Number of protein chains: 2
Amino acid sequence: MLEQNLTEQSPLERSTVRATLAVSTVIFTLRPDDESGLKTLWLPLVRRTRDPHLGLWALPGGWLPADEELAAAAARTLRETTDLSPRYLEQLYTFGDIDRSPGLRVVSVVYWALVRSEVAERASVGENVRWFAADQLPPLAFDHNSVVEYALWRLRTKVEYARIAHAFLGDTFTLAQLREVHEAVLQKALDPANFRRSIESSGSLISTDQHVAGARHRPARLYRYDDRAAEHDPPGPTM
Amino acid sequence: MLEQNLTEQSPLERSTVRATLAVSTVIFTLRPDDESGLKTLWLPLVRRTRDPHLGLWALPGGWLPADEELAAAAARTLRETTDLSPRYLEQLYTFGDIDRSPGLRVVSVVYWALVRSEVAERASVGENVRWFAADQLPPLAFDHNSVVEYALWRLRTKVEYARIAHAFLGDTFTLAQLREVHEAVLQKALDPANFRRSIESSGSLISTDQHVAGARHRPARLYRYDDRAAEHDPPGPTM
DNA sequence: CATCATATAGTCAAAACGACTCATATAGTC
DNA sequence: GACTATATGAGTCGTTTTGACTATATGATG
């Protein structure tokens, strides 16, 4: 940045043609599939109301204001399209291929976010905002299909070693609910006993003394995510 | 990117104050420590010849030309400061805090790179380019100290599960040389037998029928990195 | 109170891993 | 030419982790 061997003028003087910065967000939630009833990953898209790619669906996002932090811009676009606050927000990747946007050189810093399922149910939907099943997307604007694909890969790999699945749930939840999240993300069934063992050994949950009654079986204990455990998470820039 | 709900004019019209895009690169190589003789991580820095932070050392980089790919810009700054080609180059993170550069809003897409040790030995050094031991850096310009710290964390975690260590070496190398790389990066001794076992089971190397002679002991077999194995590496945007 | 369905606990073998032993092959030394 | 130092490369052993499986607990239902 501000490397001196190349730039003898200020960047604004040097070139009239500059890359433009945008921020986009891949927002995941879990909701029951219409057919199977099983929970699957969904994400909101916005319809483009201008060229390029007018009419196509695209990731929510916008130009980066010079006075707004990157993560704040991602959270804002998330709020504006879904009326939700992210339970988890992390930078995914920066996409900057020259030809990814016709005409203008656009470099997009993409974030990915997780929001709670129940809240997302009543999330705003309109003519220009719609939720799609993450693995059944139509052709999207720009390179957004591959962006989503990469975000999906990141979510699926990270859920296996990081404590992020609880971001889809409320403050307290049963192990069965947490397992349901893992199963939905990984798209495979998990053994309840083994799942319990691995979660317990990770020390990421605190067991409350509350139970959920009403079901036609032994009541399940409610757990809470252990915030103190987050201190042991990998370092580096998050959010 | 090009989100429509927010932006009713083109971004250029909308705001005269825009963020400026830069690309920087953390370039790692291995070289023997002056005292211990053990190989440690080193990286090249450039001295700032203008404000802000005039005189301080900084990561090599520069403004992003609108007609150059992000990774190409990273590789170019790498070539311009070290005269080397990267054996490994990957996007690290995009740093964009509002106050990270005084005055101007600069968003830096940072790459990290590995270059071969032997070649880096004769790499260009000058008044304004110098190599530093990665864990003994002076106070750097901007947020570059934390950038390097994050790059170091990324290198150390990734070398344990990805096949990147060979990027420090030549086309063929002994297992002892590869182990020396791992030991230098992880800063701990590794059991030769166990290291051999894990590498062999990973299937990332092809054994040649060549051996290195001259040493006062049993000659070690030379191995070659298996390019076909790279197909099984994680997907997503690389380089 | 028998039954059902899931929560929770426990078992067992295979695989992965760390620490360790030992035979092998060269170059240098006597 | 025998001996020695040294690192390669193969193998052993016990511990930990992991996946598949079995068994028990408990409230709701009829």
Side-chain angles (χ1 to χ4, degrees), chain A residues 32 37-39 156-157 159-163 165-166 169-170 172-224 232, chain B residues 32 37-39 156-157 159-163 165-166 169-170 172-224 226 229 232:
Chain A
L38 294 174
K39 287 197 174 176
R156 289 188 168 129
T157 46
V159 81
E160 293 203 86
Y161 67 88
R163 315 178 183 89
H166 65 94
L169 301 170
T172 60
F173 45 86
T174 67
L175 284 181
Q177 290 172 323
L178 190 64
R179 178 169 49 86
E180 188 183 21
V181 171
H182 280 249
E183 289 179 335
V185 170
L186 299 176
Q187 294 179 299
K188 65 177 178 184
L190 299 174
D191 181 87
N194 292 341
F195 181 78
R196 164 181 302 272
R197 183 175 59 188
S198 73
I199 291 291
E200 280 178 342
S201 72
S202 78
S204 58
L205 296 189
I206 304 173
S207 77
T208 73
D209 47 4
Q210 300 177 357
H211 297 259
V212 275
R216 195 186 169 194
H217 55 75
R218 176 173 175 179
R221 182 184 290 272
L222 281 171
Y223 290 82
R224 182 186 306 280
H232 304 122
Chain B
L38 294 174
K39 287 196 173 175
R156 289 188 167 127
T157 46
V159 80
E160 293 203 86
Y161 67 88
R163 314 177 183 91
H166 66 94
L169 302 171
T172 60
F173 44 85
T174 68
L175 285 182
Q177 289 173 324
L178 190 64
R179 178 169 49 86
E180 189 183 20
V181 171
H182 281 249
E183 289 178 336
V185 170
L186 300 176
Q187 294 179 298
K188 65 177 179 184
L190 300 174
D191 182 86
N194 293 340
F195 181 79
R196 164 181 301 273
R197 183 175 57 187
S198 72
I199 290 291
E200 281 178 343
S201 71
S202 78
S204 58
L205 296 188
I206 304 173
S207 76
T208 72
D209 48 3
Q210 300 178 357
H211 297 258
V212 276
R216 192 189 172 190
H217 55 75
R218 176 174 175 177
R221 182 183 290 273
L222 281 172
Y223 290 83
R224 182 185 307 280
D226 188 354
H232 304 123

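These numbers come from the heavy atoms of this one structure, side chains and all, not from hydrogens, waters or symmetry mates. Just so it is clear: chains get the letters A, B, ... in the order the sequence lines come, proteins before strands, and each one is counted from 1. This structure is a prediction, so every number in the text was calculated from the model and none was measured.
Summarising the geometry, atom OG belonging to Ser198(A) is positioned 10.0 Å from atom CG belonging to Asp191(A); distances are rounded to the nearest 0.5 Å. Separating the CG atom in Leu190(B) from the CD atom in Glu180(B) is a distance of 11.5 Å, to the nearest 0.5 Å. One distance of note links CG of Leu175(B) with CG of Leu205(B); it measures 6.5 Å at 0.5 Å rounding.
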Output one line per pair: protein atom, nucleotide atom from nucleotides 24-27 of chain C, and distance, for all N/O pairs under 3.5 Å.
from	atom 1	to	atom 2	distance (Å)
dT24(C)	O2	Arg218(B)	NH1	3.1
dA25(C)	N3	Arg218(B)	N	3.4
dA27(C)	O4'	Ala215(B)	O	3.4

N/O to N/O distances under 3.5 Å, protein versus nucleotides 14-17 of chain C:
none

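Between the C1' atom of dA10(D) and the CZ atom of Phe195(B) lies a distance of 17 Å, rounded to the nearest Å. If you measure from atom CG of Leu178(B) to atom P of dT8(D), you get 12 Å, rounded to the nearest angstrom. Across the protein-nucleic acid pair, Leu186(A) atom CG and dG19(D) atom C1' stand 15 Å apart, rounded to whole Å. Following rounding to the nearest Å, Leu190(B) (CG) and dA7(D) (C1') show an atom-to-atom distance of 16 Å. Straight-line distance from the CZ atom of Arg196(B) to the P atom of dC22(C): 19 Å, rounded to whole Å.
Sequence order on DNA chain C of the closest nucleotides to Asp191(B) and Arg179(A) puts Arg179(A) first from the 5' end.
Pro219(B) and His211(B) make their closest contact through O-ND1, 3.9 Å (heavy atoms, listed as atom of the first residue, atom of the second, distance). Considering all non-hydrogen atoms of both residues, Lys39(A) and Ala184(A) come closest at O-CB, 3.2 Å. When every heavy atom of Arg224(B) is checked against every heavy atom of Thr172(B), the shortest pair comes out as NH2-CG2, 3.7 Å.
Ring geometry, His166(B) versus Phe173(B): the interplanar angle falls under 30°, so the pair is classed parallel (tilted spans 30 to 60°).
Pair assignment for dT8(D) gives dA23(C), based on Watson-Crick or G-U wobble hydrogen-bonding distances that are each under 3.5 Å. Using the Watson-Crick or G-U wobble rule with both distances under 3.5 Å, dG28(C) pairs with dC3(D).
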Problem - Verdict with reasoning, Glu160(A) to Arg156(A), per salt bridge (Lys or Arg N to Asp or Glu O under 4.0 Å) - result: CA-CA 7 Å; Glu160(A) 293 203 86; Arg156(A) 289 188 168 129; over 6 Å; no
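Closest contact between the side chain of Asn194(B) and the listed nucleotides dA10(D), dA19(C), dA20(D) involves dA19(C).
Counting only distance, with no hydrogens or angles, the side chain of Thr208(B) and the backbone of Leu222(B) share a donor-acceptor pair below 3.5 Å.
Within the 4.0 angstrom heavy-atom criterion, base atoms lie near Ala193(B).
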